[in-house]
Amino acid sequence: MIRLAWHDSGSYSADAKDQPWPKPGGATASIRFKPELGYGANNGLDVALNLLNPIKDEVPEMSWADLIQLSSAVAIEHAGGPHIPLKLGRLDAQSKEDCTPDGRLPAAAAPFPDRAASPAAHLRAVFYRMGLTDKDIVALSGAHTLGRARPERSGFGKASTKYTANGPGNPGGSSWTVEWLQFDNSYFTDIKEQKDEELLVLPTDAALFEDEGFRPFAEKYAASQEDFFNEYVESHLKLSELGVKWA
């Protein structure tokens, strides 16, 4: 659910802000339409979207855009993370004509679609385009404390590890953390130490401690879960309101 919400709102481009809504992208639920749902970066998100269908049927007055963002906030809190005081009232994109172009979402490793020279440069190109900052990049990356990467979807990770072989849920994939259903700051402590070969570390993960601009935030969050939670909420809210047209 978190990835679904991020990939919907992460399609926003401030460079397109003068175009008619919802062409700039953002948290508009355009991700529920093809071709956007079929973009490579969105592999597997049809599964998450299908899980929301029964809820949408039960609460038809809630927009898809709100439901997608709310599911992410609820998932984080349910996993032990902070409460995210999400504002509701987003309007929905209405058809496939409202889909954003492919290539706006971050990649995990070179070659990067924007031909960036490094993982840090690529992350900045993508997130600065949304109007976000270095602090936002690092804080939002911390949500990788939850979940797994599956090679059949993203091309990254292992088919299974000792932490994912038995589930819960559909077994397999590679997790960034040992307790991958617990939202905490272990993503930062594990990435910093890199002592466990069973845990996933992508080039864009390692960049958080290698890049001079990112490192102070990564060190801060590794040292203090409270600081991570407080600043994660701020960044999550910013992301969840990108490109929104309110009712």
Side-chain angles (χ1 to χ4, degrees), residues 1-16 21-56 63-76 90-114 116 119 122-123 125-127 129-130 132 136-137 140-141 143-144 146-157 159 169-170 172-176 180 200 202-205 236 239-244:
M1 295 305 171
I2 299 168
R3 181 168 165 249
L4 177 66
W6 279 30
H7 283 212
D8 190 43
S9 55
S11 65
Y12 179 72
S13 175
D15 296 336
W21 184 87
K23 288 300 183 182
T28 69
S30 62
I31 199 169
R32 71 193 194 278
F33 299 115
K34 291 185 177 180
E36 191 169 339
L37 186 60
Y39 293 161
N42 294 331
N43 282 344
L45 290 181
D46 56 324
V47 176
L49 199 60
N50 288 337
L51 290 173
L52 293 180
N53 279 324
I55 301 173
K56 177 63 175 169
S63 70
W64 268 110
D66 273 350
L67 180 56
I68 289 170
Q69 295 302 321
L70 184 61
S71 70
S72 173
V74 169
I76 287 167
R90 295 166 183 77
L91 296 181
D92 283 341
Q94 294 299 312
S95 70
K96 64 181 183 180
E97 282 70 33
D98 295 328
C99 288
T100 57
D102 196 5
R104 288 187 177 179
L105 295 168
F112 297 107
D114 58 357
H122 173 64
L123 287 173
V126 171
F127 284 89
R129 188 207 68 227
M130 301 181 209
L132 301 179
D136 297 320
I137 293 170
L140 291 169
S141 296
H144 280 140
L146 293 178
R148 300 162 285 175
R150 293 183 178 274
E152 70 272 18
R153 296 179 183 174
S154 66
F156 295 99
N170 188 17
S174 287
S175 61
W176 285 263
W180 49 270
L200 185 63
L202 297 169
T204 45
D205 299 316
H236 185 114
L239 182 67
S240 74
E241 296 184 3
L242 294 177
V244 169

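Keep in mind that what you see is a predicted model, and the values were worked out from it rather than measured. The chain is numbered in sequence order, starting from 1.
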Is there any side-chain hydrogen bond (donor to acceptor under 3.5 Å, both in side chains) pair reaching into residues 146-155, and which pairs are they, with sequence neighbours excluded?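 For residues 146-155: none.
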Determine whether [X] and [Y] make a side-chain contact, defined as any pair of heavy atoms from C-beta on separated by less than 4.5 Å.
X      : Y      : answer
Leu51  : Met1   : yes
Met130 : Asp136 : no
Pro203 : His122 : no
Trp176 : Asp205 : yes
Leu49  : Trp64  : yes
Val126 : Arg129 : yes
Ile137 : Leu132 : no

Rounded to the nearest 0.5 Å, what's the gap from [atom1] on [X] to [atom2] on [Y]? Could you check?
X     : Y      : atom1 : atom2 : answer
Ile68 : Asp8   : CD1   : CG    : 5.0 Å
Glu97 : Phe33  : CD    : CZ    : 9.0 Å
Lys23 : Trp21  : NZ    : CH2   : 11.5 Å
Ser9  : His236 : OG    : NE2   : 7.5 Å
Tyr39 : Lys34  : OH    : NZ    : 12.5 Å
Ile31 : Asn42  : CD1   : CG    : 4.0 Å

Determine the minimum heavy-atom distance between [X] and [Y], stating which atoms define it.
X      : Y      : value
Val244 : Ser240 : CG2-O, 3.8 Å
Ser63  : Asp92  : CB-OD1, 3.4 Å
Arg3   : Ala41  : NH2-O, 2.9 Å

Per-pair distances, 0.1 Å, donor-acceptor, side chain in residues 99-110, under 3.5 Å, sequence neighbours excluded:
| from | atom 1 | to | atom 2 | distance (Å) |
| --- | --- | --- | --- | --- |
| Arg104 | NH1 | Ser11 | O | 2.7 |
| Arg104 | NH1 | Pro24 | O | 2.9 |

Would you say the side chains of Ser30 and Glu36 form a donor-acceptor pair under 3.5 Å?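 Indeed, the side chains of Ser30 and Glu36 share at least one donor-acceptor pair under 3.5 Å.
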Parallel, tilted or perpendicular: which fits the ring planes of His144 and Trp6, with parallel below 30° and perpendicular above 60°?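 It falls in the tilted class, 30° to 60°.
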